[in-house]
Protein chains: 2
Amino acid sequence: MFKYKFPRPAVTADVVMFTMRADDLAVLLIRRGADPFEGSWALPGGFVDENEPLERAAARELEEETGVSGVPMEQLGAFGNPGRDPRGHTVTVAYFTFVLAESVRARAGDDAADVAWHPLRSLPLRSSFSPRAKPRTRSKPPPITLAFDHDVIIDAALGRLRERLDDPLRPSRFQLVPPRFTLAELQRVYEVILGRTLDKRNFRARLLARGLVEPAGATARKTGRHRPAQLYRWNR
Amino acid sequence: MFKYKFPRPAVTADVVMFTMRADDLAVLLIRRGADPFEGSWALPGGFVDENEPLERAAARELEEETGVSGVPMEQLGAFGNPGRDPRGHTVTVAYFTFVLAESVRARAGDDAADVAWHPLRSLPLRSSFSPRAKPRTRSKPPPITLAFDHDVIIDAALGRLRERLDDPLRPSRFQLVPPRFTLAELQRVYEVILGRTLDKRNFRARLLARGLVEPAGATARKTGRHRPAQLYRWNR
DNA sequence: TCAAAAGTGTTTGCTATACACCCATGA
DNA sequence: TCATGGGTGTATAGCAAACACTTTTGA
């Protein structure tokens, strides 16, 4: 038991981890196996330990629940509306990141009954998220319910992620693509995140004119019955 | 006494309130009259009450210590490094705002032994803050000490404030100038915050071309032995 | 008449955008 | 040979930046 003179809100850290999956922007959620919102999907996260830096708490919870570590995170902000946690006043500090889906070894554990990527289009969010001008017809997944105010947090994280990519002036801190990538791959990531199509020639011209990317050797990849694409890497 | 199964960090809310004062960017600080950092200067702020929304806590503390209320605030983020408060692990959620100095009726009270505006150039900050290309020669105030990690928070707030004004595309949420203002006044505010000079003709042309401001009647003000300036108001 | 700040246009270069066809490859 | 995605250049418009002199007023 820990005693204090004044009541204290609990403090948690949550992580919104985005990835690109099957041409959709997806976020990693865990299905809650415990008391509040049992059965609902929630962001990975949990209580901040005593004398634990906030970002470390977020990274720890992320690692415990998803196996992901070492990814750069950005703080999104604090969310502390009373009522967001039925157990009592809880302030959460949210972080967000973008990772390659392959780098995640999701594993259920602790309070998590299940871990899975969820396309944003399948989530009940306020933001009208329409990832492609030409959405590939696909059977829509059934709507799911999100725990706490995690819908609001995911919405805010999406907004910030878009801000970060709004000008492709400099490379993102996040790993949007593997170390070697085709420009078409990179463009697809931008398009899905920003929710609009980009002009292929303008996109390539900008990246090359500013020297952001450089051809990665004479290497090319063969992926279908069409011309193989040049591979690029980030410049410095 | 309040008891919890697990230790909890304390949660506070702090406010970085900027203003324009004597052609300098200034921030409002209170001199601490109580235990940790007694005698040092600190941001107005304090503990978040149970079931109190974070922004309301920030507004309440601001009102209690400065008499300012009803100003729009923006959340800067959460700061929770262990060691930032010698009393124990404390997470603070920082907000920032910009107000007209006249609107503040500063009054010492509670834990505050004194309340005063401090020019940023007199504070020990990391950011090389040089508000004017032509700094008016002025006797430098003696250096002061800041409590907690408030130097870091003020630095971050300055960065965000600058981001908000970086493109004068739309009017700020904050009250940078009185309801009626001259374009020179407005330009001076931008210059001081951004820390660089702006071209008078370009500045005016942009504001007018986009219809952000409009002349406030035929009114003019006479302030010296020179031509009086046209007054403007924000458009909508 | 002078000091002080107000006010006013044009040019130039960059950046964003729009736009359509040929190329290389494997099936 | 054909379907598929890879790859390329140019023209235009809008915006940002640089730049200097005249006007109005009160002392």
Legend entry - Nearest-nucleotide pick for B:Asn202, side chain only, options being D:dC15, D:dG7, D:dC19: D:dC19
Inset, instruction - Specify the separation, in whole Å, of atom CD of A:Gln187 and atom P of D:dT8. - result: 14 Å
Inset, instruction - Measure the distance from CZ on A:Arg204 to C1' on D:dT10 and round it to the nearest whole Å. - result: 17 Å
Inset, instruction - Determine, stepwise, if the pair A:Val68 / A:Val15 fulfils side-chain contact (heavy atoms from CB on, under 4.5 Å). - result: CA-CA 11 Å; A:Val68 183; A:Val15 180; over 6 Å; no
Legend entry - Integer-rounded Å distance: D:dT23 C1' and B:Gln230 CD: 15 Å
Inset, instruction - Among A:Arg160, A:His150, A:Arg126, find the residue that satisfies the side-chain contact (heavy atoms from CB on, under 4.5 Å) test when tested with A:Asp155. - result: A:Arg126
Inset, instruction - Verify, without hydrogens or angle tests, whether B:Thr92 (side chain) and B:Ala94 (backbone) share a donor-acceptor contact under 3.5 angstrom. - result: no
Legend entry - pair B:Val213-B:Leu208: side-chain heavy atoms closer than 4.5 Å: yes
Inset, instruction - Mind calculating the distance between CG (B:Leu194) and P (D:dA17) to the nearest angstrom? - result: 11 Å
Legend entry - Whole-Å distance separating the CZ atom of A:Arg225 from the C1' atom of D:dT1: 11 Å
Inset, instruction - Could you please name the option among D:dG6, D:dA20, D:dG7 that lies closest to any side-chain atom of B:Arg201? - result: D:dA20
Inset, instruction - Give a yes or no answer on whether the side chain of B:Thr19 reaches the backbone of B:Val99 with a donor-acceptor pair at less than 3.5 Å. - result: yes
Inset, instruction - Give a yes or no on this: more than 12 heavy atoms of other residues, nucleotides or ligands lie within 6.0 Å of atom CZ of A:Arg56. - result: no
Legend entry - B:Arg206 CZ - D:dA18 P separation (whole Å): 11 Å
Inset, instruction - Write down the distance between CZ (B:Phe203) and P (D:dA18), rounded to a whole number of angstrom. - result: 16 Å
Inset, instruction - Would you check if A:Leu125 and A:Leu146 make a side-chain contact, meaning some heavy-atom pair closer than 4.5 Å? - result: yes
Inset, instruction - Would you mind telling me which residue lines up with the more 5' stretch of DNA chain C, A:His226 or A:Asp199, judged by nearest nucleotide? - result: A:Asp199
Inset, instruction - Check the distance between D:dG7's P and A:Leu207's CG and give it to me in whole angstrom. - result: 13 Å
Inset, instruction - With a 4.0 angstrom cut-off to heavy atoms of chain B, pull out the first and last contacting nucleotide of DNA chain C, in 5'-to-3' order. - result: C:dA3 to C:dG9
Inset, instruction - Under 4.0 Å between any heavy atoms, over every strand shown, what does B:Ala184 touch: base, sugar-phosphate, or nothing? Just pick one. - result: sugar-phosphate
